[in-house]
There are 2 protein chains.
Amino acid sequence: MASRKKTANANLESMYRVFTAPEAPQSTLSQIEDYISKNLAGFLQEHIVAVERDLSEVEKDFADSGIPDKPMFVSEQAQFLLDKLVSNSVHTAAPSFIGHMTSALPYFMLPLSKIMIALNQNLVKTETSKAFTPLERQVLGMLHRLIYQHDDAYYAQWMHDPLHALGSMCSGGTVANLTALWVARNLAFPEEGGFKGIRREGLTRALLYYGYTGAAVLVSERGHYSLKKAADILGIGHDYIIPIPTNDQNKMDIDALRNECIRLKKDSIRILSIIGIAGTTETGNVDPLEDIADVAKEFNAHFHVDAAWGGPTLFSRKFSHLLKGIEKADSVTIDAHKQLYVPMGSGLVLYKNPTSVNAIEHHAQYIIRKGSRDLGSTTLEGSRPGMALLIHSGLKVIGKDGYELLINQGIEKANLFANLIEQHPDFELVTPPELNILTYRYCPAEAQAALKVASQEQTNKINQILSRVTKSIQKTQRERGKAFVSRTRLNPAVYGRSPCVVFRVVLANPLTTPDILTSILEEQRELSAEPGIATELQHLQTLVSEVRQATT
Amino acid sequence: MASRKKTANANLESMYRVFTAPEAPQSTLSQIEDYISKNLAGFLQEHIVAVERDLSEVEKDFADSGIPDKPMFVSEQAQFLLDKLVSNSVHTAAPSFIGHMTSALPYFMLPLSKIMIALNQNLVKTETSKAFTPLERQVLGMLHRLIYQHDDAYYAQWMHDPLHALGSMCSGGTVANLTALWVARNLAFPEEGGFKGIRREGLTRALLYYGYTGAAVLVSERGHYSLKKAADILGIGHDYIIPIPTNDQNKMDIDALRNECIRLKKDSIRILSIIGIAGTTETGNVDPLEDIADVAKEFNAHFHVDAAWGGPTLFSRKFSHLLKGIEKADSVTIDAHKQLYVPMGSGLVLYKNPTSVNAIEHHAQYIIRKGSRDLGSTTLEGSRPGMALLIHSGLKVIGKDGYELLINQGIEKANLFANLIEQHPDFELVTPPELNILTYRYCPAEAQAALKVASQEQTNKINQILSRVTKSIQKTQRERGKAFVSRTRLNPAVYGRSPCVVFRVVLANPLTTPDILTSILEEQRELSAEPGIATELQHLQTLVSEVRQATT
């Protein structure tokens, strides 16, 4: 690419120019930008190197800890980024990248992002965001309505009420979950009598005043790791995130939940929140939200739903019933950078009750003054960009019907892939898709047959081998760079909770075709024939024969 | 602008097209983008309406809580955004916008942001960020070195060490401060003997085990509001953020600090952290960091420096001495979206000791596994965008010399403005600039003279009037839209801590000229002659006469 060299001398004049002079049309950077505008997929395809370099190799290009004295030419930096950074990035938009929750973006998100960045608003206060604040309140209202379905009058009353908020905008689901639990914790220990509230006096005095020995959060064993982090941050402690066992569909066992609640109550531990998951990260399952709502009510606990992934399923008339009960949640997390197809860095938490947010409200003298419209008084973060512009545009340009199609095709494709796996002699479907996520593993038909009759000890041994093989296939496939599925470890009920490494697939990219899925499976089968795996498979063979002999 | 209409029917075909077909070159959105690329200042100038509309009016454009069923044309949404959102945005890049810390961006940040968004990496794990992870570690290393100035060998050892980190990337300074205090809190209550550590057992058991009745954080009364929020979140409670009085230069009073530490120790309250500020939000002052470091050492407290604003002063050979002692801090907050001139949404916290971060480390099965290079194991947030690309490019393209110039000209311009104010008969400089922030207020020379001899009661009365006038001028000037200064409330020592509303000015935009500053002051003087203020000034006149009579 051509490089129009900008000045590399730091004088005030040249610093001004950095702020005033646009990139020349023929500069390296302008050409990259133009390429992205005209052909995003082509740009990514051309510049991202498919075959994975070892990260310790890549690190060598980012080894210098010194900040250069002299300014560098923009074109030089652009070329460096293209050669060293872009080339070794992950092609998250590729239709064969089905391993994680980051997917392709609609084209229009790119120029809109440019408007957002050009305006460089700060949503903490209206003095640096003006119309972006009503816009953000509208976005919170739109998604609140998607969940809670109140009427126009309700939103006319609450949406722009400066003293309350229908939700808090966040940089992602982790902060959204943390914010929800922060609200739950503070609501549980309000100001009363001689006690000035947990916000002022802290957790320890709160427990003392209200006569508890601890405070707990209950969530299924499939809960997102961010909840443990939240419990740490909030001062509750990991050990008070109580994992509730799941049934064989990875859904919370309600009897176990109730028993645990009874135990906690007996031990004088305050149940801050019970969390239902709408789309578990690893398996995409939905907890029995209605039942959880009942238990939460019974034990006076805040009912939170982590719908970071599954929330947009509500757009689908065909599948929204899977989330039944979500409208009873006191708070709901949704990630816009997941199934709303917004760029990275946008999550939100919605509150059933617009006054909930007052439990975490805070003010300052120079901004977010009491009674102001500033949204910074009700968010965990301070300065924040105007991501609401992108969510708003997604909701308008894609619309309910568009999101419904995206959701439906994802779930249907997951079912199609599940069929492919079940019909394939070398793979075993471990968790069938409820939404658009499934897991499976390498497990030849004869091993599947043997596992049906194997002892627990034999099962464990077989699963150990299958786990190593699955892990090896996953890593090699990733390194080859044609396709990517992720992996995790599950303890399936059917195998007596014996640990199994599984492939994990997330089908959110609308451009992923059935042919691509077939070829991903085919590549995995080929990789199972690699020499490195041969010894493992011999061991497997021996174990399978043993089981067969023992049971005939 | 021309509008090439895209389909408004939600069928799968058209949804695919949203992901595959670029905006046409003549579409509304492409034209906006092109305008921004060629003439950012012109675009903002043309499309942002100067005169402020009342926010309750603006809200009417964002009143609909329904998500439309049918997709909307991209061009229609783009036009809506231009007419209703952009027009009522804040021109944060204007040279006459000197009220807040959000300023102009260097041109090259825009196309680079587009690359960042096009790649849509997720920095939580290398599987969705690859080279961005080493890049982020390099950025953390570069800024760590700016503060702690270790040699190449040190960074060769630590920068890319997967088991440690030199800092945590955040969405902004609030989360950076919260993260630092989270680290400080967890380091104070480690695993030991029968105690499994605060992370597992929580704050209450930690205090019990270690024999404390509470845990406190000490910061000057000029501390950022985010610290109270952090104390709330961490379960410590607002009341345990102990505000230390400041001297008449808004710097922490070290004797008061030491006395407070002694008191807390006597009360068996664990001092988690003492915070020094390098650039207070309201007045831009720097605490005596070396002295604070000594006290922190004496009382075994984590020494944190909130350099969200002032950190980049380290680039200036002329002014870096103001931050002397920062290299003794256990952790330091820097906001990249402030004086590193990166777009909104980028802060970081650096740790003196690369092992500090282990106090907040966490893992999961499917990502951020133990021993992985994933940076998500040491951040408060989960999914995060690749903002490191923009910080890296700023550091390279602007360079040390460039940032030095930007810092120097800001501080020098603040001094120039301070002179203008002091020479002006109608204004009083309240806090002279130490960095590039100052405050002043409307206060005619005769009132200034009267205040020198007035009783405390008279002083309070005069200040009440001056506060109302200053507030009124500030609001009207903002509404007129030619210029913007912010306001806050201070309690100057010189007036016996009587509350004063002041104008607050932040001089970070290199395009702000002395002429602009002169005209801002001139407009304020004109506004003081507005009819609404006349009654206030009559009262002032009466009070001033009373003081004069009483003292002659």
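Naming: A, B, ... by sequence-line order, numbering from 1 per chain.
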Turns out that what part of Leu406(B) lies under 4.5 Å from chain A's heavy atoms comes down to side chain

Rounded to the nearest 0.5 Å, how far does NZ of Lys396(B) lie from CD of Gln77(A)? 7.0 Å

Among Ala93(B), Gly347(B), Ser383(B), single out the residue with the greatest number of heavy-atom pairs under 4.5 Å to chain A. Ser383(B)

Counting heavy-atom pairs under 4.5 Å with chain A, the top scorer among His363(B), Lys229(B), Glu404(B), Glu381(B) is Lys229(B)

Measuring heavy-atom distances to chain B, does Lys84(A) have an atom under 4.5 Å in its side chain, in its backbone, in both, or in neither? backbone

Can you confirm whether more than 12 heavy atoms, excluding those of Lys130(A), are under 6.0 Å from its NZ atom? yes

Contact class of Thr102(B) relative to chain A, heavy atoms under 4.5 angstrom: side chain

Please classify the contact between Gln409(A) and chain B as side chain, backbone, both or neither, with a heavy-atom cut-off of under 4.5 Å. side chain

With chain A, the option among Glu52(B), His150(B), Arg185(B) that has the most non-hydrogen atom pairs under 4.5 Å is Arg185(B)

Asp232(A), Leu380(A), Thr174(A): which one forms the most heavy-atom pairs within less than 4.5 Å of chain B? Asp232(A)

Checking heavy atoms, do the side chain of Leu81(A), its backbone, both or neither come under 4.5 Å from chain B? side chain

For each of Thr20(B), Asp61(B), Ile360(B), Leu112(B), tally heavy-atom pairs with chain A at distances under 4.5 Å, and name the one with the top tally. Thr20(B)

Heavy-atom donor-acceptor pair, His160(B) side chain to Phe62(A) backbone, under 3.5 Å: yes

Between Thr281(A) and chain B, with a heavy-atom cut-off of 4.5 Å, which part of the residue counts as in contact: side chain, backbone, both or neither? side chain

Heavy-atom contact with chain B under 4.5 Å, split by part of Ala104(A): both

From the list Leu105(A), Ile36(A), Val58(A), Leu44(A), the residue making the most non-hydrogen contacts under 4.5 Å with chain B is Leu105(A)

Taking Gly345(A), Gly172(A), Ala118(A) one by one, which has the highest count of heavy-atom pairs under 4.5 Å against chain B? Ala118(A)

Chain B heavy atoms under 4.5 Å from Ile233(A): which part of the residue, side chain, backbone, both or neither? both

Out of Lys38(A), Arg373(A), Arg384(A), which one racks up the most heavy-atom pairs below 4.5 Å with chain B? Arg373(A)

Highest number of heavy-atom pairs under 4.5 Å with chain A: which of Met142(B), Glu59(B), Arg145(B)? Glu59(B)

Just checking, is any N or O donor in the side chain of Ser486(B) or Glu127(A) under 3.5 Å from an acceptor N or O on the other one? no

A quick test of your reading: do over 12 heavy atoms of other residues, nucleotides or ligands sit less than 6.0 Å from NZ of Lys125(B)? yes

Look at Ile117(A), Leu40(A), Thr213(A) and state which one has the largest set of heavy-atom pairs under 4.5 Å with chain B. Ile117(A)

Below 4.5 Å, heavy-atom pairs only: which of Ile48(B), Leu110(B), Thr133(B) has the largest tally toward chain A? Leu110(B)

If you tally heavy-atom pairs under 4.5 Å between each of Asp64(A), Leu143(A), Asn509(A) and chain B, the highest tally belongs to Asp64(A)

Closest non-hydrogen atom pair, Val397(B) against Val74(A): CG1-CG2, 3.6 Å

Side chain, backbone, both or neither: which part of Phe315(B) has a heavy atom under 4.5 Å from chain A? side chain

